[in-house]
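Within every chain, numbering begins at 1; the chains are lettered A, B, ... in the order of the sequence lines, protein sequences first and strands thereafter. All values below come from the heavy atoms of this structure, side chains included, with hydrogens, waters and symmetry mates left out.
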Amino acid sequence: MSLSHRLPPGAPVVDPYYVYAPPPRPDPHRHGVLTLFVAGLPDDVKPREIHNLFSHRPGFDHCLLEYTGRGNQAVAFVTFFTHESALSAMNSLNGTIFDPGTGDRLHIELAKSTSRRPRGGGEVYRVIDKRANKPEGNADHENDGDEEQWGEDEDGGNNDSGDGGSDEPSGTENENSSDRNELPADQSDQLPHKQQNGQSPSNDGRDKSSSDIPPCSTLFIANLGHACTEDELKEVLSREPGFHVLKMRRRSGMPVAFADFMDIESSTAAMNNLQGTILASSDNDGLHIEYARSKMRKS
DNA sequence: AGCACA
């Protein structure tokens with residue numbers, strides 16, 4: 001029960017497993033770190049996509065995108081002016097479905113240390129490209145293990161090569177109810193899927209999105225840590241507009257929960273906002289939230 | 001991946 005155990009020399013006096021905290025709780029751990037570590041990015045992510053995703057967040061300073069030579073995923077380091085700003089951005093963007101075609105979600109944590117700020121003022125982001133060959137159509141330069149820098153004018157809107165443009169909505173700091181944050185299980189496809197050549201898998205007319213469950217005002221919450229309590233989850237859910245009641249139950253070890261909301265818009269906004277949230281009790285990844293298959297009974 | 005309560 002005691003949180004005090006031996007710590008490596010020089011380490012901050014914290015419980016190493018209690019890295020993240022729900023928004024209301026300040027985490028005294030990793031104190032002072034201003035940089036977020038962002039994983040789960042596709043290999044063809046663009047620097048401006050990272051910039052567009054985070055630069056709208058309050059307190060944004062600069063970001064660094066690194067294409068790792070191995071693995072299909074790039075990582076990013078996003079730095080804020082304050083620790084609280086970094087935590088706020090992490091909590092609201094964690095679990096964001098970056099590419100609706102794949103459904104992969106972003107995994108955001110606090111970085112081990114604050115990134116060094118590029119010299120010079122203004123908003124500047126860096127790119128480190130360690131890939132041997134780049135995807136076709138994007139071969140501007142071929143430099144392995146090199147580092148490029150771009151100056152960024154802080155105003156003026158679209159200034160990059162006009163392609164893609166996955167701007168993250170999420171409002172400025174208001175609740176977004178009618179934002180097209182991600183594609184729910186809907187038949188209307190806004191973005192064209194990247195369909196590989198040759199044999200395509202079973203295409204029975206219904207694309208598999210993040211879930212095949214139709215919208216429901218009750219949410220199904222999984223991937224809870226074994227130590228997750230109802231109070232802990234309720235504290236996070238209580239911040240979401242329209243939240244009514246939470247019910248937790250354990251089946252074969254891992255707990256799951258059902259959260260009922262006033263309407264589908266509220267549940268959708270809460271799901272988008274809390275998707276991937278890492279609680280203090282989380283074991284590995286953050287919350288997995290879907291629409292429940294049936295609405296919670298009125299009690 | 002894991003969906004209950006009546």
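- Spacing between atom CG of Asp283(A) and atom C1' of dG2(B) amounts to 14 Å, rounded to whole angstrom units.
- Rounding to the nearest 0.5 Å gives a distance of 9.0 Å between NE2 of His226(A) and CZ of Arg250(A).
- Atom pair Tyr291(A):OH and dC3(B):P shows a separation of 19 Å (rounding to whole Å applied).
- If you check the side chains of Asp263(A) and Ser217(A), you find no donor sitting under 3.5 Å from an acceptor.
- A straight line from CG of Asp260(A) to P of dC3(B) spans 19 Å, rounded to a whole angstrom.
- Counting to the nearest Å, the P atom of dA1(B) and the CG atom of Asn284(A) are 14 Å from each other.
- Counting any heavy atom pair closer than 4.0 Å across all strands shown, Arg249(A) reaches sugar-phosphate atoms only and no base atom.
- Spacing between atom CE of Met254(A) and atom C1' of dA1(B) amounts to 11 Å, rounded to whole angstrom units.
- Remark: the Ser294(A) side chain and the dC3(B) base include no donor-acceptor N/O pair separated by less than 3.5 Å.
- Closest to the His288(A) side chain, of the nucleotides dG2(B), dA4(B), dA6(B), is dG2(B).
- If you measure from atom CG of Leu224(A) to atom P of dC3(B), you get 13 Å, rounded to the nearest angstrom.
- Of the candidates dC5(B), dG2(B), dA1(B), the closest approach to any side-chain atom of Asn223(A) belongs to dA1(B).
- The distance between atom NZ of Lys247(A) and atom C1' of dA6(B), rounded to the nearest whole Å, is 9 Å.
- Rounded to an integer number of Å, the gap from Phe258(A) CZ to dA6(B) P is 13 Å.
- Residues Met271(A) and Tyr291(A) form a side-chain contact, since some pair of their non-hydrogen atoms from C-beta on lies under 4.5 Å apart.
- Ion pairing between a basic and an acidic side chain is recognised when a charged N comes within 4.0 Å of a carboxylate O; Asp43(A) and Arg131(A) show such pairing.
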